[in-house]
Every structure is written in structure tokens, then in C-alpha cells.
Amino acid sequence: MTELPLIGEAVAVAANPSLAGAKIGVVTFPGTLDDRDAARAVRLAGATPVALWHADTTLGDVDAVVIPGGFSYGDYLRAGAIARFAPLMSKIIDAATSDAKLPVLGICNGFQILTESHLLPGSMIKNDHLKFMCRDQVLRVENNSTAWTGDYAAGQEITVPLKNQDGQYIADEKTLDALEAEGRVVFRYVGFNPNGSRRDIAGISNAAGNVVGLMPHPEHAVEVGYGPESLDGIGGSDTDGLGFFTSVLNKIVGDNK
Amino acid sequence: MPRIVVDVMPKPEILDPQGKAIVGALPRLGFTSFSSVRQGKRFELTVDGEVTDAILAQAREAAETLLSNPVIEDVVNVEVVEA
């Protein structure tokens, strides 16, 4: 994928030279919207983004995978339901559940695809207020031991954009209790629950912590001057989302030591 | 051509936001007798030829794997409709 320098050159801010060889796959389905932003976030974090196409039958040699947001297959049937059966998804599911525990991050529609794939429990239904919502959202990092949250402090509050229509996270009470007990609620909405999600859950992980999904968009908060800081006066920083991408890079480099 | 009809509904314990919007709109048109609406989906699977037990079993499997999400939905009916 060509990354146009829409707002200037993507210069890695986390200029750790040992990270530059890390390759992070970014998946594009028909209807994906945020693949270029995700690729740019990977570049800004210091790694090399690798474009993956839904019909690909191999993951290549990527060290991690981001499934970005958008409306894969127009959200037909259910959000993420058709993308889940794309050839590449079976490879991602195998790699994520193998001993190698490939780190996988699903953002928004990517989160919906991960629940449809049963890599993560529960599901998303329409926002309880029935409207599409776009806002800067405060999240609390509840678990900083996953592959994608190691660079945050436990309990740290971050602000990233949120934009969705089917963002209400639901699961049965037993599943919710298990998620809480096992520390698998990774992000919670703070101050305002934008979609009626059970227990203010914004993002969760699998038991191993390599697969993380969330509705808000960290890849839209990675560059000074273009993040949420200047809006709404709700605080936060323009680059609160960058930690997702530096976290996984530090994990990859740490694992390879 | 026979068709296999699959009906999928949101689980009873799951709030159905679309149904909620519809029940809110009904009284504005004078339909005041309905206290609740739940919106589901109907799929029609066309079969070229006879619907055998094996094909019907396939339809049931498709209904459970792709056409519905068991976390939020129930398959409430699978039946053969002759054209």
C-alpha cells in the first residue's frame, strides 16, 4: 500500500533502531477505511507496515497484525461477519492461537471481526442511542500486560477518537464476570459510556493477551497536531494512541532477544 | 425451485435497538396497539433440485455458523418452502 504523506513525512518518533526491522501486517478487506492510518501509525512507531489483502493465503513473515476499522463488506449480515471467513482470517486465527501467539490488534470493525472469529468473546450490537457517534473518548488502561498495552501504566487514562454505530459491547453475565476476574477487560470508557457497552467495556483481550480488540481508534491519535488534544478541552494528548504500536514493537523485540 | 427459509431473531435478553426505534415510530402513524417490536432476519436459500436431508442439514449448519451469531441471535426456524 502506498502511504501518501498527507500531513508530512511519517518520521518515527520512537526511534529505537532495533525496532525498524519489525514488520506489522495491516489487513485490508473490501470496505476497510483505516488501513492507511494504521500503516502510518506503525511507521511512526518505528516499524515497517506490510499491506495484507483479505484474499491472501499467507501471512508472510509479519511479527504482528492490525485489523483496522471501516465497514468490511458494508457491514452486511452483521458487522465483521463476512470478513471473518476471508482466506487470510483463517491464517490469522491459526497464528494467533498457535504457540507463537502472533499479536493481533482489532480496531473498531477489526474488533467486530475478532468477536465474529471467536478469537474474543462477546459481540457488538447497535449503540443503545441508535446513532452513529464520533467523539474524543477518554479510556482507562485496565491491563498493561497485554502485547499491545505494555508501554502504558496500569490505570493510565488516554484520549483517542471513537467513531461507530455498532459499538455496544455485550456478552452474557458469566462471560463478563470471567473477563473481569481474569483481567481481560483491557480498556474501559471513562466519564461517559458512548454506546451502552456492558460494564463500560471499550476493549478486551484473549486469555494469552496477544489478541486485543477495542472500539475506539488509537491509530487516529499518533501525531502531534492531529490528535484529540486541541478539541473539546477534555485533555489527553495528540499521541495517546501511539503506545499501542510501540508496545507491540517492544514486545516483539523483547521476545527476540 | 424449492427454497429453505431461515429465520433469525435477536436473543430475548438482548435489547433490540432497531425494534425499539420502530415501536417508537408506530404511534406516530396511529398504530397504538403495539407495545413492543423485535426485528429479525429472514433468509431464503434457493436449491436447484430436491431438498434432501443432507442439504437441509447444510442449511442448518450455515444458519448456525454464518447466518446467525449465537452470542446475540437465535435461529428460530428452518423450513422448506416449495415454489
Side-chain angles (χ1 to χ4, degrees), chain A residues 72-87 89-90 93 109 111-133 164-179 193-199 201 204 206 213, chain B residues 3-29 31-32 34-47 54-79 81:
Chain A
S72 58
Y73 298 93
D75 274 356
Y76 291 173
L77 190 57
R78 299 176 303 277
I82 298 177
R84 175 257 176 275
F85 292 100
M89 276 313 297
S90 62
I93 293 165
N109 190 223
F111 185 17
Q112 293 160 341
I113 293 168
L114 292 179
T115 60
E116 284 285 340
S117 303
H118 307 303
L119 281 174
L120 295 174
S123 184
M124 256 67 63
I125 62 171
K126 289 225 179 313
N127 295 344
D128 60 351
H129 48 73
L130 305 170
K131 298 183 189 69
F132 188 96
M133 177 162 277
N164 63 61
Q165 173 155 297
D166 291 3
Q168 181 181 176
Y169 180 76
I170 60 157
D172 60 41
E173 287 298 312
K174 198 173 140 214
T175 303
L176 292 169
D177 287 343
L179 285 172
N193 183 334
N195 45 35
S197 288
R198 299 296 178 276
R199 305 189 190 187
I201 291 173
I204 58 173
N206 66 348
Chain B
R3 284 168 297 154
I4 302 172
V5 172
V6 176
D7 294 315
V8 173
M9 290 297 292
K11 281 187 185 294
E13 65 270 27
I14 301 239
L15 169 79
D16 171 17
Q18 295 180 113
K20 206 172 115 192
I22 295 164
V23 80
L26 286 170
R28 295 201 288 273
L29 296 171
F31 302 116
T32 53
F34 310 109
S35 59
S36 168
V37 175
R38 296 182 71 75
Q39 179 182 326
K41 293 174 185 160
R42 172 188 168 109
F43 301 88
E44 297 184 352
L45 312 177
T46 301
V47 178
I55 289 175
L56 196 55
Q58 268 188 37
R60 289 184 199 283
E61 196 185 341
E64 297 290 346
T65 52
L66 177 62
L67 303 184
S68 71
N69 177 345
V71 175
I72 51 174
E73 295 168 321
D74 291 323
V75 177
V76 294
N77 185 39
V78 179
E79 67 175 332
V81 177

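Just so it is clear: chains get the letters A, B, ... in the order the sequence lines come, proteins before strands, and each one is counted from 1.
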Can you name the side-chain contact (heavy atoms from CB on, under 4.5 Å) partners of B:L26, sequence neighbours left out? B:I22, B:F31, B:F34, B:V37
Using non-hydrogen atoms and a 4.5 Å limit, figure out which bit of A:I125 sits close to chain B: side chain, backbone, both or neither. side chain
Find the distance between CD1 (A:I170) and CG (B:L15) and round it off to the nearest 0.5 Å. 9.0 Å
Tell me which donor-acceptor pairs, judged by distance alone and kept under 3.5 Å, run between chain A and chain B, one pair per line.
from   : atom 1 : to    : atom 2 : distance (Å)
A:L77  : O      : B:K41 : NZ     : 2.4
A:R78  : NH1    : B:L66 : O      : 3.1
A:R78  : NH1    : B:L67 : O      : 3.1
A:R78  : NH2    : B:L66 : O      : 2.9
A:E116 : OE2    : B:N69 : ND2    : 3.1
A:S123 : OG     : B:N69 : ND2    : 3.4

